[in-house]
Amino acid sequence: MTQVRTRFAPSPTGYLHVGGARTALFNWLFARHYGGEFVLRVEDTDAARNTDEAVQAIFDGLRWLELDWDAGPGKDDGRGPYFQSQRTDLYERQLDLLMKADRAYVDDGGAVRFRVPDEPVTVSDKICGSRTVNLKEEGSTCYDPETRQNVAVNPDFVIRRADGSFLFHFVNVVDDIAMAITHVIRGGDHLANTPKHVALFEALGSPIPEFAHIPLILNKNGSKMSKRDEGASMDTYIRDGFLPSAVRNYLSLLGWSPKDDREKMPIEDIIALFDYDHLNHANAKFDMEKCQWLNSQYLADLDAGAFVKLARDWMASTGEQGWLQENSATVDAALRVMRPKIKHLPEIRDHWPRFFVDDGIDLEAAAKVAADPSAKLQLDVVLRHLAIVEHWNEDAITEALDAAAEELGIKKGKFMFGLRVLATGAAQGTDLLPTLAVVGSERMLHRLGRRLAEIFP
RNA sequence: GUCCUUGUAGUGUAGUGGCCUAUCACAUCUGACUUUCUAUCAGAAAACCGGAGUUCGAUUCUCCGCUAGGACGCCA
């Protein structure tokens, strides 16, 4: 087999979509599996829609996922440049060839059209199977959404606009040839374009690469993912402090399966197993909860110090000032207590006030505490015992609570919920004892008294 | 409208012409543990889209239907 070359060929018209990132990932995995090369090519032929920010988003997303390209922007292997906007000379030459062979012509509007062959074109797709169509016949009608009818059109499709700029189908194929792409793995939305591409490959006298059209990624409800949908844009993962390895792992499971029961897998194992026969045909629905769960699994692999550093980096990246006003050692200690509960870093926002905000109570939680007629008395006793703790740490607090329980003649569990609500203002949260310890004696005692008075005026 | 693709629990999936009263995981519910919990551990509930056909036998193969998605641009 000749050297495997795959490519990711995004157009920089917006943000990097998870579907695009997943396409990049699959191409990368395939190349790595076969010891081939992964090429990044930026398809910026539509000047009106392309932006520099979008180019940056593509680079950022791929780098963040650690999908390194062997050839592409910043890494020319002699087949570049890798921006299509810089390759017009090549397109001109190839177009000349087609014109000379009478495979293309200028139409009445001044655009150049490819003369589609009036004979069957066979596309063989590694996932969707093979299909033969006659482009001349099939392309001769077009659906008009307004009249909701098919209207006759010229089956010869435009490959160059009247203004001289080139179109996707043409440049895509020319570049795949010039860049020696052997395997085209792309979203299933391109499947219907493929006969056109095959015809172009043939017209340009090139061998046809292997095609594999992978299923699309949809929302959990089956609708198409648009920018505002949760998880649709790669920058949200970066911004929310996901671990790249976790997201990469999750994305690899969307439309592909190792065929055993593993889900959390090191990238080396995924590379080793990745191949066509493990790819699915059906569209995948995106499940953010599972993505977060996988993230939590990767988070759990971190030691406490690494977690704290990660959390702190994320907090700094938010630019929020509130994080900075608390004692640094206390924050670190609090983060360690939060760690087992955190699936993804933004949840720190939920836990933060339970450590660092002294007033306010969740109304429902307060009502629940107030509903127990004996709660006031119990909590009074608990607070009295806590007030005399000398060395404020988990063990000492435990002793004080034991003593309070003994004095009251009840089990600790009876008042723990109330204590939680007083201490954190919330009904659920982190382990209570470490939370009490982390906040510190003076501050915690003050807070407990204050909230107790609030619940039982 | 035409063409294409798809269909296993809510979600991602495994699997097979009879070992399928169908795998694993997330989510859900329950219990246990613990002082609490959104942690942990244990358990439960939950699916082969429908109809014909082929077959001794179909979730598995074929056809039809339906569902969902895609394509049909001087977008990519």
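Values below: all heavy atoms of this structure, side chains included; hydrogens, waters and symmetry mates excluded. Convention: sequence-line order gives letters A, B, ...; per-chain numbering from 1.
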Look for any protein N or O under 3.5 Å of an N or O in nucleotides 28-30 of chain B and output each such pair with its distance, or none.
none

Under 3.5 Å, N/O pairs linking protein and nucleotides 43-51 of chain B:
none

Enumerate the protein-to-nucleotides 65-74 of chain B contacts in which both atoms are nitrogen or oxygen and the separation is below 3.5 Å.
unit_1, atom_1, unit_2, atom_2, d
B:G69, OP1, A:G222, O, 3.4
B:G69, O2', A:N283, ND2, 2.8
B:C74, O2, A:A162, N, 3.2

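Residues forming a salt bridge (charged side-chain N to carboxylate O under 4.0 Å, His left out) with A:D402 (at least two apart in sequence, or on another chain): A:K412. Partners of A:R450 by salt bridge (charged side-chain N to carboxylate O under 4.0 Å, His left out), not counting sequence neighbours, listed by chain and number: A:D359. Legend: residues meeting salt bridge (charged side-chain N to carboxylate O under 4.0 Å, His left out) with A:D235, ordered by chain and number and at least two apart, are absent. Residues satisfying the salt bridge (charged side-chain N to carboxylate O under 4.0 Å, His left out) criterion with A:D102, sequence neighbours excluded, are A:R115. For A:Y250, the ring-ring contact (aromatic ring centres under 6.0 Å, His included) partners are A:F286, not counting sequence neighbours. The ring-ring contact (aromatic ring centres under 6.0 Å, His included) search around A:F8 returns none, not counting sequence neighbours.
Evaluation of the salt bridge (charged side-chain N to carboxylate O under 4.0 Å, His left out) test over residues 426-435 of chain A, restricted to residues two or more places apart or in two chains, returns none. Note on residues 283-292 of chain A: pairs passing salt bridge (charged side-chain N to carboxylate O under 4.0 Å, His left out), not counting sequence neighbours, are A:K220-A:D287, A:E263-A:K290.
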> What pattern of brackets, bars and dots sums up RNA chain B from 5' to 3', given Watson-Crick or G-U wobble pairs under 3.5 Å, [ ] for crossing pairs and | for another strand?
Replying inline: (((((.(..(((.....[.....))).(((((.......)))))....(((((..]....)))))).)))))....
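The nucleotide whose nearest atom lies closest to any side-chain atom of A:A282 is, among B:A76, B:U38, B:G7, B:G7.
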